[in-house]
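Here the structure is laid out as structure tokens; the discussion comes afterwards.
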Amino acid sequence: MIKTLIVGCGGIANQHAEGCRLAPSAELYGVCDLDSNRAAAFAEKHGTRAFSSFDEILKNKEIDLIIISTPDETHCNIAVKSMNSGKHVLIEKPFAMSMDEADMIIDTAEKTGMKAMCGQSLRFRNKFLKVKELVSSGRVGDVKFIRLSSPSSPFWNKNTWKNDPSRNKNWLLIHNGMHNLDYLCWLLDSTPERVHMTSHKGQEWIDINEYVSVTIRFKNGAVAISEENRIMPQGYPFHLDFYILGTGGMMDLSDKSAYNMSVYNNGAMSYPGAFINDNNYEHPFAGEIEELCQAIINDREPLIPLKFSKEVLKSILEASITKG
Amino acid sequence: MKNKIRTGLISFSFGHQTDYANCLANNKNVELAAVVEVADADKFARERGIEFAKNHNLGYYENVDEFFEKEKLDAVSIAVQPEISSGIIKKAAGKGINIMAEKPLSSTLEKAYEISTFIANAKVKFAIGYPASLFTQQFLNTLESVRKNTIGSPRIINYTYLQPKGEVFAISYEDATPEYKIKKGGGELANFGGYGIIPLAKIANSKLSSVYAEMDSFFFDSYKKIDMEDFAMVTVKFENGTLGHLVIGRTKVNSMPYTDLRMEVIGSEGVIDVNNGMNNRILIYEDYKGTNKTWNRGGYNWEFYGPSPTQLYVDDFINAIIEDRNPEIGMNEAVLSMEFLQAAYKSAKEHKEIILN
């Protein structure tokens with residue numbers, strides 16, 4: 001069993017904890033948070049150990065794999081230190097905030113021989129896995145256009161968000177855009193040739209654009225539009241808009257045109273909150289954790305190589321600073 | 001206005017004049033007057049015009065000047081090639097006659113501006129033939145909702161217009177020539193782009209400020225042959241900050257029964273989802289009875305109910321004359337669609353966002 005520790009006990013950590021529980025090869029060894037109370041509460045909820053010292057984690061030889069779910073800006077530092085201490089890492093997206101950070105993580109992984117992977121749970125959702133299978137088999141011919149969007153009402157309120165004048169206004173694209181773009185690159189087996197970004201303000205008080213969209217022309221000629229949309233009205237169900245057009249047909253995976261059950265939350269969506277249930281009996285976070293565990297056990301490259309994630313990040317960063 | 005609107009029909013050689021003519025005949029405030037055919041119309045156009053005139057007891061002319069001289073008209077419906085539309089539009093406007101014209105307005109943007117100025121000075125009502133851009137029941141309801149502030153200020157508008165069953169209507173490989181492309185002004189964005197930008201501009205209620213486009217010939221060899229787009233993805237911005245994304249094209253999705261026409265309007269206080277922009281249909285599952293294999297959808301068919309977009313468009317034009325207001329789809333929209341297309345083609349060629357003055 002791969003003994004796994006989660007660093008950072010914020011919202012997404014719950015998904016990772018559940019993933020560790022369900023992944024056959026992983027065992028949740030513990031959790032670590034600078035806030036010792038938060039670590040303790042999280043550990044009790046998930047029946048595991050609590051730590052509040054990262055240095056202590058690094059020295060602990062029992063821990064094989066560290067899942068990094070801390071604020072984005074800390075990912076690189078924690079990843080490098082973890083790998084230098086002989087631990088494999090699963091890094092929440094974005095795995096780095098710059099090309100320099102990406103190179104640092106890649107170089108450290110190569111130097112230490114540790115396995116490192118950027119967490120891309122979309123790839124492990126049943127629906128998305130099936131789409132990949134169908135596209136790869138040529139079911140709709142050559143894919144020429146994709147629209148991928150997950151609109152939701154605002155994620156953050158004044159209690160959960162702190163404005164920072166140094167932050168990129170299109171931070172949402174960097175923070176979350178890697179999910180969609182990674183999936184699109186994987187689906188099309190291609191990387192972006194050029195990108196064009198547009199954005200729109202959401203809540204007046206917040207310092208980032210809560211709507212960011214990217215039009216992408218891929219090297220294989222396909223065109224896609226990917227939206228990060230957090231400006232839907234309060235209580236609007238988080239759902240999927242996904243449309244694939246090929247030379248031989250079209251796939252419409254939009255939740256709006258299917259028979260899905262939807263769960264409305266009163267007020268803003270509380271993450272991981274109001275998902276549309278798509279009968280997903282396999283937990284996507286368990287899928288990605290299990291994949292990395294298998295890579296560790298079998299000493300092979302993970303399904304999502306860091307160099308691939310670096311290409312995705314490069315396009316995201318390029319789009320985030322274009323005038324849009 | 002107490003009397004009916006005396007309306008003439010100029011040419012059956014281009015576009016959807018038969019539809020417009022039938023809808024005018026349906027409007028109780030219209031008195032159809034006469035038909036005239038232009039010099040370069042082919043024999044099929046003439047036959048259509050002659051038959052319509054005969055069925056409705058109308059005069060028939062083959063000289064436009066004579067037509068204008070002898071008929072006392074309040075309005076005309078003009079459906080000629082854009083290369084010759086300008087002269088006829090100006091003739092009509094110069095006589096104070098209100099005008100319904102088939103799109104596109106003209107063959108060049110410069111000519112469009114010229115016509116626009118002429119029409120403004122002539123003070124006649126002008127409507128441009130993009131019925132399905134706004135006059136589907138779903139889109140009219142959407143616009144009404146937006147105007148009533150049901151969803152606050154529109155922020156993002158996502159629009160899709162994808163015509164399936166492309167082989168039925170796409171140009172053949174043999175007929176695909178550079179001359180054809182020049183005459184058409186482009187591919188499917190030229191064909192359908194106006195249908196998208198017009199409702200977006202109406203909903204945004206603001207001037208178009210920039211355009212970014214990606215386009216390609218993805219699906220048809222005939223389009224690839226002459227480098228003419230069968231698909232376009234266009235992002236637009238309006239002066240008030242509203243964004244729009246348009247997905248437009250002609251595809252080979254043969255089993256899709258009708259045009260994939262959708263719109264999503266995300267406002268500051270709500271969202272309007274139009275999942276089917278022309279769904280005044282009753283779906284009928286039955287055995288296919290026709291002989292055309294291409295149209296065989298395996299027994300899935302439909303019947304429309306309620307007024308068609310074309311009827312609503314024509315009615316709006318006639319009501320605009322009666323109420324002394326501008327038609328919903330008028331000269332501003334005619335010029336906008338051409339400005340949009342010009343910017344989109346430039347953007348796709350230069351791979352950059354085009355800022356409009």
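Naming: A, B, ... by sequence-line order, numbering from 1 per chain.
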**OP:** With side-chain contact (heavy atoms from CB on, under 4.5 Å) as the test, would you mind laying out the steps for B:I156 and A:E227 before giving the verdict?
**Re:** CA-CA 11 Å; B:I156 315 290; A:E227 280 182 329; 4.2 Å; yes
**OP:** Applying side-chain contact (heavy atoms from CB on, under 4.5 Å), run through B:K252 and A:T247 and close with a yes or a no.
**Re:** CA-CA 7 Å; B:K252 285 186 175 179; A:T247 53; 5.6 Å; no
Original post:
Should B:L243 and A:Y211 be marked as a side-chain contact (heavy atoms from CB on, under 4.5 Å) after you check the CA-CA gap, both sets of side-chain angles, and the distance that decides it?
Top reply: CA-CA 10 Å; B:L243 298 179; A:Y211 173 94; 3.9 Å; yes
Subject >> Criterion side-chain hydrogen bond (donor to acceptor under 3.5 Å, both in side chains) on B:T235 and A:H196, from CA distance to verdict >> reply: CA-CA 9 Å; B:T235 293; A:H196 175 78; 5.5 Å; no
**OP:** Could you give me the CA-CA distance, side-chain angles and deciding distance for A:M250 and B:D260, then say whether side-chain contact (heavy atoms from CB on, under 4.5 Å) is met?
**Re:** CA-CA 11 Å; A:M250 181 266 277; B:D260 191 349; 3.8 Å; yes
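Heavy atoms of other residues, nucleotides or ligands lying less than 6.0 angstrom from CZ of A:R194 number more than 12. Within 6.0 Å of the CG atom in A:D164, the count of heavy atoms belonging to other residues, nucleotides or ligands exceeds 12. Taking a 6.0 Å sphere around NZ of B:K225, one finds it holds more than 12 heavy atoms contributed by other residues, nucleotides or ligands.
Here the straight-line distance linking atom OG1 of B:T160 with atom CZ of A:F145 works out to 6.5 Å at 0.5 Å rounding. Separation of atoms OG (B:S268) and CD (A:Q203) is listed at 12.5 Å; rounding is to 0.5 Å. Put simply, NE2 on B:H351 and CD on A:E193 are 8.0 Å apart, with the number rounded to the nearest 0.5 Å.
Residue B:L162 touches chain A through its side chain alone, counting heavy-atom pairs closer than 4.5 Å. When heavy atoms are compared at a cutoff of 4.5 Å, A:S213 approaches chain B solely by way of its side chain, counted from C-beta outward. With a 4.5 Å cut-off on non-hydrogen atoms, B:F231 touches chain A through its side chain but not through its backbone. Residue A:T215 touches chain B through its side chain alone, counting heavy-atom pairs closer than 4.5 Å. Within the 4.5 angstrom heavy-atom criterion, atoms from both the backbone and the side chain of A:I231 approach chain B.
Across A:P233 and B:V271, no two heavy atoms sit closer than the pair CD-CG2, 3.3 Å.
Using a 4.5 Å heavy-atom threshold, the side chains of B:D216 and A:R217 count as touching. Looking only at side-chain heavy atoms (C-beta outward), B:I266 and A:P151 stay at 4.5 Å or farther from each other.
Using a 4.0 Å cut-off between charged nitrogen and carboxylate oxygen, A:D241 and B:R262 do not count as a salt-bridge pair. A salt bridge links B:E264 with A:R147; the closest basic N to acidic carboxylate O contact falls under 4.0 Å.
Paired with B:F218 under the rule side-chain contact (heavy atoms from CB on, under 4.5 Å), one option of A:V143, A:V223, A:D142, A:L245 passes, and it is A:V223.
Distance alone, capped at 3.5 Å, is enough to place a donor-acceptor pair between the B:R155 side chain and the A:G202 backbone.
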